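What follows is a set of notes on a single structure, which appears directly below.
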Amino acid sequence: MKLKKILKKINSVFLHFIFTIGLGFFGVFTVLGIAGLSYLIYVNSTLPSYEELAKRDVAESSKIYSRDGTLLYEFHGEYNRTSVDLDRISPYLKNATLAVEDKDFYKHGAVSLTGIARAIKANYETGSSSQGGSTITQQFVKNALLDRKKLYTRKVREVLLAYKVESHFSKDEILGLYLNEIPYGRNAYGVEAAAQSYFGKSAGELTLAESAYLAALPQAPSYYSPTGENFDALVKRQQFVLDQMQAQGYITELEKHQAENQEVAFREPKTEIIAPYFVSWIQNYLTQKYGKEFLREGGLRVYTTLDLNMQNIAETVVKEGAAENKKYGAYNAALVAVEPATGKILAMAG
């Protein structure tokens, strides 16, 4: 009888202990839950609104054209960017980007748990951290809407912003925003600037091979630079992109084989100015009127009165005149052609 009483007492104490511990854990988790929810509500309140997202300022290059629409020069700061609509981007480039960056983009929401799991598994198997689980929406948010500070709050803000973006924009709109935002190296941000910088053509004119190369760059633009020492790594990355496109049904095996064997010519990085004296004069005028920062980031499209045929003649004449002037100890020459009736400058050389 004594043993039963002792056991009963022990059970009572034990149950009381378990109950007390349970209440303690419940209380701790409740407090943590409330604190976590309060924190998320606070962070969400600091995020930009839909109106701010829709009307955000995007730095774009300013371009100077002759009277016939020939590009004379492009002014830009850190961001060399020209935004284009999604339907003006090569389908090859859109599909290549989806294949290598987020193959289920149109199927999942702002965050992909399967994508995260797949990345963890791949990184574990390879012993690296090269695979990322971020969706295209998260990548857009990271590049366009967050600062570069690596704070622990940044990932929380990224996820919350990704959900906000997905709730207000269609998938096509998000893909367009992403393709106009991401860096491709050479200060080229967005596909149009990248296509012009690497291939001298618009984003809508890119071939399959060229598109696969561009889709390969954002992972590490400096490392994969086509004019750098890691060109072989870029070729392997391009082949990986093409493999993914075929596996996901975007291209056939024949198309992949043709793209792998296409000889692609990359442009050397260069800054070319047509009619430099005239462009410099226009630059000074625009800087005084709008300021240097706006000229570099305001996305101006300036159509001038310059006549390229007359400009070419003027430069030839000035060059010959300067050579002739050496006989007399003079080494400079200049020419400005003006239309008398209107005052329009048609040529300027020096």
Side-chain angles (χ1 to χ4, degrees), residues 59-65 69-86 88-101 130 136 139 143 175-176 178-246 250-251 254-274 276 279 296:
E60 277 198 62
S61 309
S62 291
K63 298 181 179 182
I64 313 298
Y65 298 94
T70 300
L71 179 65
L72 302 177
Y73 189 65
E74 184 173 2
F75 295 98
H76 63 82
E78 178 187 351
Y79 299 93
N80 176 11
R81 178 191 288 115
T82 301
S83 296
V84 291
D85 294 334
L86 189 62
R88 291 176 55 199
I89 299 172
S90 166
Y92 290 132
L93 182 52
K94 288 185 281 190
N95 293 337
T97 301
L98 289 169
V100 76
E101 295 292 344
S130 59
I136 278 179
Q139 292 180 54
N143 281 284
L175 180 60
Y178 172 81
L179 289 172
N180 278 299
E181 184 67 38
I182 53 175
Y184 287 88
R186 293 188 182 180
N187 287 100
Y189 287 75
V191 294
E192 180 67 16
Q196 294 288 354
S197 178
Y198 289 106
F199 304 114
K201 59 174 65 174
S202 71
E205 299 172 318
L206 294 170
T207 66
L208 172 57
E210 292 166 342
S211 296
Y213 271 122
L214 279 194
L217 288 172
Q219 187 184 62
S222 298
Y223 179 79
Y224 288 123
S225 171
T227 53
E229 60 185 18
N230 300 311
F231 183 72
D232 289 344
L234 174 61
V235 172
K236 289 181 180 178
R237 176 76 176 160
Q238 185 231 21
Q239 291 172 344
F240 172 74
V241 173
L242 291 170
D243 287 340
Q244 292 301 305
M245 292 183 75
Q246 185 200 349
Y250 288 116
I251 58 174
L254 176 60
E255 287 175 312
K256 186 188 91 165
H257 180 73
Q258 290 173 335
E260 287 174 335
N261 289 280
Q262 179 187 334
E263 193 169 329
V264 174
F266 291 93
R267 294 181 72 188
E268 289 290 331
K270 62 180 179 179
T271 303
E272 183 178 341
I273 305 178
I274 299 174
V279 168
R296 291 179 175 178

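Because the structure is predicted, anything quoted here is derived from the model rather than measured. In what follows, every heavy atom counts, from backbone to side chain, and hydrogens, waters and symmetry copies are set aside.
Screening H76, K63, E60 for a side chain to side chain donor-acceptor pair (under 3.5 Å) with T82, the sole residue that qualifies is K63.
The distance from atom NZ of K256 to atom CG of D243, rounded to the nearest 0.5 Å, is 4.0 Å. Atoms OG1 and CG, on T97 and L175 in that order, are 7.0 Å from each other to the nearest 0.5 Å. In this structure, E210 CD and F199 CZ are separated by 5.0 Å, a value rounded to the nearest 0.5 Å. How far CD of Q219 is from CG of L234: 11.0 Å, rounded to the nearest 0.5 Å. To the nearest 0.5 Å, atoms OH (Y73) and OG (S61) are separated by 10.0 Å. With values rounded to the nearest 0.5 angstrom, E74 atom CD is found 12.0 Å from I273 atom CD1.
Contacts classified as salt bridge (charged side-chain N to carboxylate O under 4.0 Å, His left out) and involving residues 214-231 (residues at least two apart or in different chains) are not found. Applying the ring pair (Phe, Tyr, Trp, His ring centres under 6.0 Å) test to residues at least two apart or on different chains, the pairs with a partner in residues 202-229 are Y213-F266.
Residues L72 and Y65 have side chains not in contact (no heavy-atom distance under 4.5 Å, counting atoms from C-beta outward). A 4.5 Å side-chain heavy-atom check between K94 and L86 finds at least one atom pair inside the cut-off. Within the 4.5 Å cutoff, the side chain of N95 has no heavy atoms near those of the I251 side chain.
Applying the side chain to side chain contact (heavy atoms under 4.5 Å, CB included) test to A194 and every residue at least two apart in sequence or in another chain returns Y184, A188, Y198, L214. For the side chain to side chain donor-acceptor pair (under 3.5 Å) test, no residue two or more places apart in sequence or in another chain qualifies with Q258. Every residue two or more places apart in sequence or in another chain that forms a side chain to side chain contact (heavy atoms under 4.5 Å, CB included) with A99 is listed here: Q244, M245, Q248, Y250. Residues that satisfy the side chain to side chain contact (heavy atoms under 4.5 Å, CB included) test with S90, not counting sequence neighbours, are Y92, L93, L206, S211.
Between E260 and L242, the shortest heavy-atom distance links the atoms CG-CD1, 3.6 Å. The minimum heavy-atom distance between A209 and A259, with the atom names listed, is CB-O, 3.5 Å. The two residues A215 and E101 make their nearest non-hydrogen contact at O-OE2, 4.4 Å. Between N143 and E181, the shortest heavy-atom distance links the atoms O-OE2, 3.8 Å. Here the closest heavy-atom approach between residue E192 and residue A203 is recorded as OE1-N, 3.0 Å.
Side-chain atoms of Y178 and Q139 form a donor-acceptor pair, as typed in the model, at a separation below 3.5 Å.
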Could you walk me through whether I136 and L98 satisfy the side-chain contact (heavy atoms from CB on, under 4.5 Å) test, starting with their C-alpha distance in whole Å, then the side-chain angles of each, then the deciding distance to 0.1 Å, before giving a yes or no?
CA-CA 8 Å; I136 278 179; L98 289 169; 3.8 Å; yes
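Panel note: side chain R237, backbone A212; no donor-acceptor pair is recorded below 3.5 Å. The main-chain N or O of F75 is never found under 3.5 Å from a side-chain atom of R296 such that the two would form a donor-acceptor pair. The closest donor-acceptor contact from the side chain of S83 to the backbone of N180 lies at 3.5 Å or more, if one exists at all. E205 places a side-chain N or O within 3.5 Å of a backbone atom of S202 that can act as its donor or acceptor partner.
Crowding of R88 atom CZ: a count of heavy atoms from other residues, nucleotides or ligands under 6.0 Å not exceeding 12.
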